[in-house]
Structures are given as C-alpha cells and as structure tokens.
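Predicted model only: the values in this text are computed from it and were never measured.
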Amino acid sequence: MADPLVINLNFDGTTSVPLVYDMVIVGGGPGGLTAAIYAARSGYTVMVVEKIAAGGQIFVTAEVENYPGIEKISGPELAMAMESQAKKFGVVFEFDEVTSVEDGPGALKTIICSSGKRLSGRCVIMSTGASYKSLGVPGEELFRGKGVSNCATCDGAFYKNLEVAVIGGGDTAIEEGDYLTRFASKVHIIHRRREFRACRISVDRARKNPKINFILDTVAEEIAGNTGVEKLKLRNVKTGEKSELKIAGVFVFVGMDPNTGFLKGYVDMDAAGYIKADMYMNTSRPGLFACGDCIVKKLRQVVTAAGDGATAFQSASEYIENLNG
C-alpha cells in the first residue's frame with residue numbers, strides 16, 4: 001500500500017497525522033470499530049469519525065449477554081474495550097458530525113463535517129447505525145429529558161422507587177425494562193400486540209420478574225404532566241377502551257431509523273433509508289462501503305455488525321490495492 005500523505009502538527013516534526021487516510025470510517029459502533037481494528041492492524045491509516053461517543057447503540061445498552069465468548073458485559077464496557085483496542089493499533093478518532101460525502105479530487109473521497117473540517121480518504125466505510133424512533137404523540141418532545149428517555153442505562157437511576165413505563169416489544173424494550181427493575185418500584189411494559197419480537201429467553205425472564213407488569217394490545221396516545229411526566233394516556237387497540245397510567249418516566253423503544261439522511265442521492269437506499277449493500281458490503285458508489293445497522297439486513301445485533309465490519313474492511317482493502325495498481 002502507498003505511504004500516507006502527512007502534515008506535521010509540531011514545528012519540530014515529532015508528531016504528525018495523515019492528510020489523506022487510506023480508510024475513513026464514519027460511525028464508531030461495533031461495525032465501524034471492527035473495520036477500523038482490522039484495517040489498522042493490517043497497516044492501513046484509519047480515521048473513525050464519530051458524532052458523540054464510540055460504541056454506537058451499545059454505549060446506551062445496559063447489558064450484552066449474547067456476544068460469543070463473553071457471558072455478560074455492560075454496553076459501555078464493551079464499547080470502551082473496542083475503542084481501546086482500536087487506539088492500540090493506531091486508529092485516529094475525530095469527534096464530529098459528517099454532513100456529506102463527495103467524490104474527488106481524483107479517486108479520493110472528501111468527508112465534510114459540521115465543524116467545517118474536510119477529511120480525505122482513499123475509500124469510506126459507512127457505519128452510521130440507526131437512532132430510536134419517536135412515538136409521535138403529544139407530550140413526547142415536550143417532556144424529553146424531563147421523563148421521556150431512550151436510554152435506561154443513562155436515566156434509570158433517576159427513578160428509584162418510582163413507577164415507569166417502557167413502550168415497545170422488541171429485544172431492547174424487554175431487556176431495558178428488566179434492567180429498570182433495579183431502580184423502579186414497578187415497570188409497565190406497553191406493547192401494541194400480544195406477541196413479542198424479542199427473543200423468548202428475554203420475554204420469559206421478564207414474565208418471571210415480579211416488578212414487571214405487561215399491558216398488551218395497547219398504545220400510548222399522550223404523555224402528560226406539569227413540569228415532568230406524570231401519566232400516560234392509553235388506548236386498547238382491540239376494544240377501544242381508554243385508560244390512564246400514573247408513572248414518573250417513559251422509556252421509548254419502538255424501532256429504529258437509519259442515520260443516513262446526509263447520503264440521500266449519493267448512494268442507493270431502500271424506502272426506509274437503509275443503504276443497499278451486497279454480501280461484500282459494496283454499495284452503488286465505488287469506494288463507498290457500508291456495514292452494521294445502517295444497511296438493509298434482517299438482523300441488527302452487535303455480532304452481525306462486527307461481521308459486517310470485517311467484510312467491509314476486506315472489500316475496502318481490495319479496492320485500495322486496485323487503486324495502487
């Protein structure tokens with residue numbers, strides 16, 4: 001591979017960083033970090049651009065217990081371990097928000113950030129992940145940060161000996177609901193259906209937890225309160241019966257939206273905004289690869305994102321070698 005172009009940071013020339021990286025990875029979740037570790041370990045120059053903190057969704061996940069070889073670990077611990085490993089191999093981190101990607105000059109890709117910085121790479125790996133969907137009901141945005149949350153790990157301790165509600169029926173909703181019982185006196189899990197998308201072991205564990213109450217076939221129509229959340233207005237989707245539930249907090253886990261809006265028109269996506277990538281993580285744009293939760297796929301888990309990241313690295317490596325002739 002070609003030596004990277006460098007620019008000295010100090011007058012004595014003792015510290016330098018690449019001006020053009022071999023790979024720029026947008027998003028520091030498990031997929032992006034896996035690609036970064038593989039790439040840096042193989043001798044490529046790598047920058048990871050992350051908006052907030054490395055780890056992606058696992059950073060706000062209470063516990064991970066389905067990652068092979070690790071019985072149980074907190075999301076933040078796993079995220080920090082991945083970040084530390086990447087740094088060990090020389091990965092450079094830039095904490096900024098990417099607003100667009102452009103082709104050129106030449107075969108390079110230019111990554112434009114909200115700060116005004118323009119980064120260059122021989123190729124780009126998108127690992128931007130996805131964000132939690134909103135309910136879209138009155139009171140949700142009004143009380144965000146005042147009783148409405150998408151992060152049990154971040155906010156659970158605020159509800160010690162209080163009743164809270166969790167809205168959703170997937171793995172995240174059930175697992176975060178179980179985690180919240182460490183603090184709350186009662187956790188009401190509200191789901192619009194009777195069946196759950198969550199895995200059976202998580203549902204069975206929740207059903208056995210005396211602090212969890214299931215409210216099924218029900219949707220939230222409004223989050224109400226004065227200075228903070230005080231109650232949920234509910235409606236049974238089968239009977240139409242309306243009711244109110246007194247709670248101090250609402251945790252919303254009703255699906256995800258991909259963080260790909262800034263790529264609209266640049267790369268092919270499906271109707272929901274997920275990037276279309278083939279089995280080798282190639283996209284419709286040469287030199288742009290994608291992995292993890294931002295791509296069209298059936299299962300979005302830490303282990304599948306990591307596998308995607310390794311594949312994306314391999315394809316990106318072959319692309320760079322072809323550029324180098």
Side-chain angles (χ1 to χ4, degrees), residues 17-18 21-42 44-62 64 67 70 73-101 109 111-115 117-121 123-132 150-151 153-154 172 256-263 274-275 277 281 283 288-295 297 300-316:
V17 296
Y21 288 83
D22 290 320
M23 300 183 195
V24 175
I25 300 172
V26 183
L33 291 178
T34 300
I37 290 167
Y38 270 68
R41 190 170 179 269
S42 297
Y44 291 99
T45 56
V46 185
M47 170 176 276
V48 171
V49 187
E50 169 57 47
K51 182 179 177 181
I52 300 175
Q57 289 298 335
I58 61 169
F59 195 82
V60 294
T61 300
V64 177
Y67 195 79
I70 301 176
I73 188 171
S74 76
E77 285 178 317
L78 183 56
M80 288 187 287
M82 289 182 174
E83 181 182 11
S84 175
Q85 186 177 10
K87 288 180 176 178
K88 173 186 174 183
F89 289 117
V91 176
V92 177
F93 284 81
E94 178 74 33
F95 291 95
D96 208 336
E97 181 178 8
V98 175
T99 56
S100 63
V101 179
K109 291 280 188 286
I111 299 90
I112 297 95
C113 301
S114 60
S115 66
K117 289 182 180 178
R118 299 173 69 89
L119 310 171
S120 291
C123 68
V124 175
I125 297 176
M126 285 293 157
S127 181
T128 52
S131 300
Y132 289 111
N150 300 112
C151 181
T153 311
C154 310
T172 302
M256 312 289 286
D257 282 322
N259 300 321
T260 58
F262 66 96
L263 292 171
Y274 288 97
I275 299 171
M281 304 300 134
T283 71
L288 183 77
F289 307 88
C291 63
D293 287 2
C294 67
I295 68 172
K297 59 190 296 187
R300 294 182 172 86
Q301 295 284 300
V302 177
V303 68
T304 61
D308 291 347
T311 302
F313 152 72
Q314 184 62 34
S315 295

Contacts table for residues 80-92: side-chain donor-acceptor under 3.5 angstrom, sequence neighbours left out:
residue: Glu83; atom: OE2; partner: Lys87; partner atom: NZ; Å: 3.3

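Contact between Ile125 and Ala316 at its shortest, heavy atoms only, is CD1-CB, 4.1 Å. Scanning both residues, Val46 and Ala40, for their nearest heavy atoms gives CG2-N, 3.7 Å. Between Gly32 and Cys291, the closest heavy-atom pair is N-SG, 4.2 Å. Contact between Gly31 and Ser127 at its shortest, heavy atoms only, is C-OG, 3.7 Å. Across Leu33 and Ala79, no two heavy atoms sit closer than the pair CD1-O, 4.5 Å. Nearest heavy-atom pair across Asp96 and Val49 is O-CG1, 3.7 Å.
The CE atom of Met23 lies 7.5 Å from the OG atom of Ser42; values are rounded to the nearest 0.5 Å. To the nearest 0.5 Å, the span separating OG on Ser100 from CG on Leu263 amounts to 9.0 Å. Rounded to the nearest 0.5 Å, atoms CD1 (Ile58) and OH (Tyr67) are 8.5 Å apart. With rounding to the nearest 0.5 angstrom, the OG atom of Ser115 is 10.0 Å from the CD atom of Glu97. Note that OG1 of Thr128 and CD1 of Ile295 are 10.5 Å apart. Values are rounded to the nearest 0.5 Å. Taking OH of Tyr21 as the reference point, atom SG of Cys123 lies at 14.0 Å (rounded to 0.5 Å).
No donor-acceptor pair closer than 3.5 Å links the side chain of Glu50 to the backbone N or O of Val26. Between the Thr45 side chain and the Asp22 main chain, a donor and an acceptor come within less than 3.5 Å of each other. Using a distance-only test at 3.5 Å, with no hydrogens or angles considered, a donor-acceptor pair links the side chain of Thr99 to the main chain of Ile112. Using a distance-only test at 3.5 Å, with no hydrogens or angles considered, no donor-acceptor pair links the side chain of Gln301 to the main chain of Val303.
Residues Tyr132 and Met256 meet the side-chain proximity criterion, which asks for heavy atoms closer than 4.5 Å. Considering only heavy atoms from C-beta on, Leu119 comes within 4.5 Å of Met47 through its side chain. Ile52 is not listed as a side-chain neighbour of Phe95, based on a closest heavy-atom distance of 4.5 Å or more. Here the side chains of Ile111 and Val124 are in contact, with some heavy-atom distance below 4.5 Å.
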Legend entry - Asn259 vs Ser131, side-chain hydrogen bond (donor to acceptor under 3.5 Å, both in side chains): CA-CA, chis, key distance, verdict: CA-CA 7 Å; Asn259 300 321; Ser131 300; 2.7 Å; yes
Inset, instruction - Show the numbers, then the answer: is there a side-chain hydrogen bond (donor to acceptor under 3.5 Å, both in side chains) between Lys297 and Thr304? - result: CA-CA 10 Å; Lys297 59 190 296 187; Thr304 61; 3.3 Å; yes
Inset, instruction - Could you check Cys151 against Cys154 for disulfide bond (SG atoms under 2.5 Å apart), going step by step and ending with a plain yes or no? - result: CA-CA 5 Å; Cys151 181; Cys154 310; 2.1 Å; yes
Inset, instruction - Apply side chain to side chain contact (heavy atoms under 4.5 Å, CB included) to Met126 and Leu288, showing your working. - result: CA-CA 7 Å; Met126 285 293 157; Leu288 183 77; 3.8 Å; yes
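Using the six-membered ring where Trp is involved, Tyr38 and Phe313 have ring planes that are tilted, between 30° and 60° apart.
Applying the 6.0 Å contact sphere to NZ of Lys51 captures no more than 12 heavy atoms from other residues, nucleotides or ligands.
By the 6.0 Å and 45° rule, Arg300 stacks over the aromatic ring of Tyr274.
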